[in-house]
K.L.:
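This structure is in structure tokens; I'll ask about it shortly.
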Amino acid sequence: FSTNWFVGREFWLALAEGPGRHLSGARGEFLEGRTRRAAEKLEKVAAILEFETRHSHSDKERALLLTSVSELREVARGFLPESYPQGGRSSIEEFDRVSALAFHSIAAHQVTLGRDALVSGDARMAGRYILEAAKALEAGFDLGGIPSGNVLKADLRGAKEVGARLEIEGEGSREEGSATLDALEAAATGLGNLLTSRRKLNDRVTD
């Protein structure tokens with residue numbers, strides 16, 4: 001393989017892994033009281049998602065990403081004392097709500113990118129996107145406070161196994177990868193519907 005091929009793969013792997021890693025890290029920083037570091041990590045996620053909008057396949061997918069970009073930056077501003085001298089206004093509840101929605105946006109986008117990789121014949125990259133989408137969905141259900149159920153948990157475990165096998169070995173049929181992405185897409189749709197319904201309910205309660 002050429003050096004350019006390797007650098008290109010490393011770049012796309014960093015984009016695939018970065019959002020989830022930075023979101024998880026931001027939560028830890030916030031809970032430890034390091035709000036500025038938490039804000040910096042949220043801004044990194046927002047920048048990656050904003051960059052990724054150019055790879056969206058639909059207006060809906062792009063809108064999901066841009067909504068998460070806006071919400072993440074708003075929460076990040078709430079972490080900074082210069083924005084809110086009284087000590088900041090972003091709470092862990094708001095952080096988790098926005099993070100759950102961001103993980104949903106990430107998962108939906110990674111399913112799209114996984115399909116692109118399969119079509120191009122890059123089984124290893126498809127495997128990484130499958131693995132990251134499954135991890136994002138697990139985090140989205142967890143932070144959203146939504147029970148995922150035994151069946152979905154088993155599906156996500158299976159998806160991670162398929163993703164890991166494809167990434168490490170480059171083996172597995174295109175049909176298996178496509179079926180796994182179908183299952184992840186259905187899970188992402190379900191998570192999105194639940195989060196949206198919960199948000200609408202909360203908005204009615206607070207009105």
Side-chain angles (χ1 to χ4, degrees), residues 14-53 56 60-111 131-150 152-153 156 160 184-185 187-207:
L15 287 179
E17 299 168 352
R21 185 176 70 251
H22 291 315
L23 269 179
S24 298
R27 193 176 197 275
E29 298 287 6
F30 178 74
L31 291 175
E32 292 294 327
R34 294 186 288 267
T35 55
R36 187 172 297 279
R37 290 187 184 180
E40 290 171 354
K41 289 183 179 295
L42 289 183
E43 179 54 42
K44 287 180 181 179
V45 179
I48 292 172
L49 297 190
E50 189 170 43
F51 174 84
E52 282 296 316
T53 58
S56 301
K60 180 180 179 181
E61 184 184 345
R62 185 172 186 274
L64 282 174
L65 291 170
L66 288 177
T67 296
S68 287
V69 168
S70 176
E71 291 188 338
L72 288 167
R73 285 177 171 158
E74 180 63 24
V75 170
R77 282 193 294 270
F79 285 165
L80 300 176
E82 58 265 35
S83 300
Y84 299 97
Q86 292 76 21
R89 71 172 191 178
S90 295
S91 65
I92 191 63
E93 291 79 16
E94 179 67 4
F95 176 90
D96 285 349
R97 183 191 69 79
V98 168
S99 293
L101 288 166
F103 273 119
H104 165 253
S105 301
I106 290 165
H109 183 57
Q110 287 171 335
V111 166
L131 184 59
E132 293 299 326
K135 288 161 60 177
L137 286 168
E138 286 180 334
F141 276 98
D142 182 44
L143 291 172
I146 300 170
S148 53
N150 292 333
L152 180 57
K153 287 179 181 178
L156 294 179
K160 288 194 290 186
L184 291 173
E185 184 175 12
T189 298
L191 174 60
N193 290 339
L194 289 167
L195 290 172
T196 300
S197 297
R198 178 170 293 185
R199 183 172 187 175
K200 288 179 178 178
L201 178 61
N202 289 339
D203 288 343
R204 285 199 298 269
V205 170
T206 55
D207 285 344

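Numbers here simply count residues along the sequence, with the first being 1. In this text the structure is predicted, and so the values were computed from the model without any measurement.
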K.L.:
Please report the closest heavy-atom contact between L42 and A26, naming both atoms and the distance.
P.N.:
CD2-CB, 3.9 Å

K.L.:
Taking the basic N atoms (NZ, or NE/NH1/NH2) and the acidic carboxylate oxygens, is any pair closer than 4.0 Å for E40 and R37?
P.N.:
no

K.L.:
Taking all atoms of both residues into account, what is the closest heavy-atom pair of S56 and R62, and its distance?
P.N.:
OG-CA, 3.6 Å

K.L.:
Specify the closest pair of heavy atoms between A133 and A107, including all atoms of both residues, with the distance to one decimal.
P.N.:
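In terms of heavy atoms, the two residues are closest at O-CB, 3.8 Å.
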
K.L.:
Exactly one of E132, H104, E61 should register a side-chain hydrogen bond (donor to acceptor under 3.5 Å, both in side chains) with H109. Which one does?
P.N.:
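Running side-chain hydrogen bond (donor to acceptor under 3.5 Å, both in side chains) over E132, H104, E61 with H109 returns exactly one hit, E61.
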
K.L.:
Would you say K160 and E138 make side-chain contact, with heavy atoms under 4.5 Å?
P.N.:
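SC-SC contact between K160 and E138 confirmed.
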
K.L.:
If you define the side chain from C-beta out and look only at heavy atoms, does anything of L49 sit under 4.5 Å from L72?
P.N.:
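A side-chain contact exists here, since the closest heavy-atom pair is under 4.5 Å.
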
K.L.:
With rounding to the nearest 0.5 Å, note down the distance linking NZ in K60 to CG in L64.
P.N.:
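Answer for the NZ-CG pair, K60 versus L64, is 6.5 Å.
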
K.L.:
Can you name the closest pair of heavy atoms from S24 and F103 and give their distance?
P.N.:
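Where S24 meets F103 most closely, the heavy atoms are OG-CZ, 4.2 Å.
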
K.L.:
Show the nearest heavy-atom pair for residues L65 and S105, with the distance to one decimal.
P.N.:
CD2-O, 4.0 Å

K.L.:
Any chance you could lay out the salt bridge (charged side-chain N to carboxylate O under 4.0 Å, His left out) test for R77 and E74, step after step, and finish with the verdict?
P.N.:
CA-CA 5 Å; R77 282 193 294 270; E74 180 63 24; 2.5 Å; yes

K.L.:
Distance check, rounded to the nearest 0.5 Å: S99 atom OG versus E71 atom CD?
P.N.:
10.0 Å

K.L.:
Quick one: pull up CZ in F95 and CG in L31 and give me the separation to the nearest 0.5 Å.
P.N.:
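Taking CZ in F95 and CG in L31, the distance rounds to 8.0 Å.
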
K.L.:
Do L23 and I106 come within less than 4.5 Å of each other through their side chains, counting heavy atoms only?
P.N.:
yes

K.L.:
What I'd like to find out is whether the side chain of T67 reaches to under 4.5 Å of the side chain of L101, using heavy atoms alone.
P.N.:
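A side-chain contact under 4.5 Å is absent here.
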
K.L.:
Measure the spacing between NZ of K135 and CG of L137 and express it to the nearest 0.5 Å.
P.N.:
12.5 Å

K.L.:
Taking atom CG of L184 and atom OG1 of T189, what is their separation to the nearest 0.5 Å?
P.N.:
10.5 Å

K.L.:
State, to 0.1 Å, how close K41 and H22 come at their nearest heavy-atom pair, and which atoms those are.
P.N.:
CB-O, 3.7 Å

K.L.:
Please examine the side chains of I92 and R27, heavy atoms only from C-beta on, and report whether any two atoms are closer than 4.5 Å.
P.N.:
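In contact.
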
